[in-house]
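In what follows, every chain begins at residue 1, and chains take the letters A, B, ... in the order their sequences are listed.
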Amino acid sequence: MNRYTRTVLPLLMLGLLSGCATYVYQGAITAPDSDGVPRKAVLYWSKTDPLLGAPKADMAHLRIACGALMVYENREDGVVFRGQAGRDRRMSGEPASVDGFECGRLLGKRSLLEVGAGPLELTLHCAPVSNEFSVQKLRYLKAREQPYRFDIRESKTWSLFGAVPELPPPPPCETPAGKR
Amino acid sequence: MSVVPGNPRTVLVVHGVQTGNNDDQQQQEQIDALIRNRLGSIPLEFQAEMFRYEDINDEAQALYSRLVSLLAATPAGSYVARQALDLVGDVVSAYLDTSTASEIRDSLREHILDIFDIGNPCYLVAHSLGSIYAFDVVNDLMRDRAFFDRQSRRSWPVQGLVTLGSPLGLEMFQSPRRAQVTSLGAGDKWFRWLNFWDRTDPVVSGKIFGAGQPGFDIVEHYQSDSPMQGWVIRDRVVDTGKVWLLAHVAYWDHPMVGDGIVDMITN
């Protein structure tokens with residue numbers, strides 16, 4: 001084995017074992033929060049496509065300026081935001097005595113692996129309930145019947161060892177009329 | 001003794017299987033940086049602390065370590081053998097539920113109660129094998145009638161549990177003491193457990209070559225339908241951007257893990 005082969009072969013093997021393409025997807029809108037105040041909201045997730053093995057993308061985060069985290073995740077029946085007992089209240093005002101009820105979903109998608117750049121609609125029909133440990137009032141986007149529409153952008157990087165995806169920072173808490 | 005909701009949060013980090021000694025475990029710095037990075041403009045005072053138990057494990061393994069050094073004649077062979085013993089020994093201690101495991105649990109419980117005594121809300125972030133100890137100690141504390149009044153989180157020494165790359169779904173770590181989580185009884189406060197896992201993390205799946213783990217649930221089988229249980233348990237499948245063993249150590253600086261921790265400790 002010559003020197004070139006001795007160098008290239010291990011790198012090739014390493015690349016095959018751990019090399020990945022990483023995609024980051026993101027979209028932003030400004031819309032009223034659960035108090036009716038317009039806020040910036042950012043939706044984002046990543047997908048890793050390894051050279052060997054299946055691609056993975058299972059969870060999207062929706063963060064709102066001055067607000068709380070909403071998680072849309074792959075489940076058997078689609079990409080769903082599952083409400084938490086003690087935290088989420090349905091639009092109907094029904095109290096949450098059980099856990100895991102649906103608070104929203106990505107429309108027309110069975111998995112985040114199906115989602116690429118372009119328009120994406122999601123629903124949200126819960127409002128959060130603050131508690132004595134909340135350091136600021138809990139807010140989501142306003143719960144409503146009609147879906148929110150995001151325009152999703154895609155970016156791609158490639159790495160020999162894989163790389164933790166660079167996801168957008170939390171939207172800054174800037175509000176009109178100084179409301180927090 | 002009671003927790004003061006307005007006090008600074010303490011995020012207590014429990015490391016997993018490691019080589020080296022206590023001084024090598026500095027993952028609290030990564031968690032501190034991760035939280036600050038994902039807090040944005042949320043006003044929060046907190047500190048990240050480390051619970052270290054590598055020296056307890058190393059002490060228990062000292063006799064075997066000397067034996068391995070004798071058997072592995074060359075310096076390089078001795079080094080590799082010692083590292084292997086360090087890792088395997090950590091797992092065996094937890095798996096067999098040895099006196100070493102008991103000592104580690106007692107020490108973690110003591111650390112948590114020290115934080116409780118000063119009234120700071122405490123949140124556990126446990127990686128890998130550390131999640132076994134964290135899970136056991138939380139459940140032990142729940143069985144103590146002095147804590148975890150379901151009507152008031154002020155009586156909770158631990159406000160929430162975050163596990164990263166946990167082997168708790170593996171059959172080898174199932175035991176009578178882990179058959180179910182401790183029920184909190186009647187009330188309207190809920191104990192939150194977030195379990196982050198990557199599909200190719202071999203410590204989660206038990207598939208040593210990192211084949212993808214299908215499905216969605218790793219620890220959610222602990223969730224019962226009864227509102228008396230009082231737990232909200234969520235498996236969160238995180239795409240770490242890495243595969244195989246690299247995925248197992250990629251949780252520490254992942255933004256989505258940071259988002260989850262921030263959401264938990266600010267509420």
Side-chain angles (χ1 to χ4, degrees), chain A residues 17-20 22 44-48 50-61 63 65-66 68-69 71 73-76 82 84-87 95-100 112 128 130-136 138 157 159 161-174 180, chain B residues 3 5-6 9 37-45 121 152-154 159 188-190 192 196 198-200 210-212 215-216 220 223 225 227 229-247 250-256 258-260 262-267:
Chain A
L17 286 173
S18 62
C20 303
T22 303
Y44 51 89
W45 71 97
S46 68
K47 179 176 83 176
T48 295
L51 283 174
L52 285 181
K56 14 176 215 174
D58 278 280
M59 175 169 70
H61 280 184
R63 284 192 72 170
C66 320
L69 176 67
V71 181
E73 55 193 341
N74 288 353
R75 303 296 296 172
E76 288 87 351
R82 289 186 291 164
Q84 276 184 28
R87 164 164 169 148
S97 58
V98 292
D99 186 48
L112 280 167
S130 305
N131 62 68
E132 64 173 343
F133 284 81
S134 300
V135 298
Q136 64 181 14
L138 277 172
T157 53
S159 164
F161 300 104
V164 171
E166 284 190 27
L167 297 171
C173 192
E174 293 162 356
R180 279 187 73 99
Chain B
V3 175
R9 270 56 168 158
N37 191 26
R38 301 310 293 177
L39 259 180
S41 44
I42 299 174
L44 180 75
E45 207 180 325
S152 172
R153 283 173 54 190
R154 292 173 185 241
Q159 297 291 324
D188 60 356
K189 304 295 183 285
W190 298 78
R192 293 160 294 162
F196 288 98
D198 182 287
R199 291 199 176 279
T200 60
F216 304 103
E220 279 193 35
Q223 183 84 65
D225 292 333
Q229 186 193 44
W231 287 58
V232 170
I233 304 172
R234 288 286 186 277
D235 277 310
R236 293 272 160 83
V237 193
V238 61
D239 163 32
T240 59
K242 301 191 179 188
V243 292
W244 197 46
L245 276 173
L246 294 174
Y251 301 100
W252 298 107
D253 51 0
H254 196 286
M256 284 183 149
D259 287 347
V262 164
D263 192 65
M264 181 178 278
I265 69 177
T266 53
N267 290 291

*Asks:* Give, as side chain, backbone, both or neither, the part of A:Ala54 having an atom under 4.5 angstrom from any heavy atom of chain B.
*Replies:* neither
*Asks:* Assess whether a salt bridge exists between B:Asp259 and B:Arg236, defined as any Lys/Arg side-chain N lying under 4.0 Å from an Asp/Glu carboxylate O.
*Replies:* no
*Asks:* Hey, which of B:Gln223, B:Lys189, B:Arg234, B:His254 has the most heavy atom pairs under 4.5 Å with chain A?
*Replies:* B:Arg234
*Asks:* For the residue pair A:Trp45 and A:Met59, what are the closest heavy atoms and their distance?
*Replies:* CB-O, 3.2 Å
*Asks:* Could you tell me which portion of B:Arg192 (side chain, backbone, both or neither) has an atom closer than 4.5 angstrom to a non-hydrogen atom of chain A?
*Replies:* side chain
*Asks:* Which pair of heavy atoms, one from A:Ala65 and one from A:Cys173, lies closest together, and at what distance?
*Replies:* CB-CA, 4.3 Å
*Asks:* If you round to the nearest 0.5 Å, how far is CG of B:Asp188 from OG of B:Ser152?
*Replies:* 10.0 Å
*Asks:* So which atom in B:Arg38 and which in B:Pro255 form the shortest heavy-atom distance, rounded to 0.1 Å?
*Replies:* NE-O, 3.5 Å
*Asks:* Is it the side chain or the backbone of A:Glu166 that comes within 4.5 Å of chain B heavy atoms, both, or neither?
*Replies:* neither
*Asks:* So which part of A:Pro168 gets closer than 4.5 Å to some heavy atom of chain B, the side chain, the backbone, both or neither?
*Replies:* backbone
*Asks:* In terms of heavy-atom proximity below 4.5 Å to chain B, should A:Pro165 be classed as side chain, backbone, both, or neither?
*Replies:* both
*Asks:* Looking at every heavy atom in both A:Asn74 and A:Leu112, which two are closest together, and how far apart are they?
*Replies:* OD1-N, 2.9 Å
*Asks:* Of the non-hydrogen atoms in A:Cys20 and B:Gly241, which two are nearest, and what is the gap between them?
*Replies:* SG-O, 4.0 Å
*Asks:* Tell me, side chain or backbone of B:Phe196 under 4.5 Å from chain A's heavy atoms, or both, or neither?
*Replies:* side chain
*Asks:* Would you mind checking which part of B:Gln229 comes under 4.5 Å of any heavy atom in chain A, side chain (CB onward), backbone (N, CA, C, O), both or neither?
*Replies:* neither
*Asks:* Please flag which part of A:Thr22 lies under 4.5 Å from any non-hydrogen atom of chain B: side chain, backbone, both or neither.
*Replies:* side chain
*Asks:* Flag the one option from B:Asp198, B:Val262, B:Asn267, B:Thr200 with the top tally of heavy-atom pairs under 4.5 Å to chain A.
*Replies:* B:Asn267
*Asks:* From A:Asn131 CG over to A:Leu138 CG, what is the distance, rounded to the nearest 0.5 angstrom?
*Replies:* 7.0 Å
*Asks:* Could you tell me which portion of B:Glu45 (side chain, backbone, both or neither) has an atom closer than 4.5 angstrom to a non-hydrogen atom of chain A?
*Replies:* neither
*Asks:* Which atoms of A:Glu73 are under 4.5 Å from chain B, going by heavy atoms: the side chain, the backbone, both sets, or neither?
*Replies:* side chain
*Asks:* Does any backbone or side-chain atom of B:Leu39 lie under 4.5 Å from a heavy atom of chain A? Answer side chain, backbone, both or neither.
*Replies:* backbone
*Asks:* Of all the heavy-atom pairs spanning B:Asp235 and A:Arg82, show the shortest one and how long it is.
*Replies:* O-NH2, 4.1 Å
*Asks:* At a heavy-atom separation under 4.5 Å, does A:Arg63 approach chain B through its side chain, its backbone, both, or neither?
*Replies:* side chain
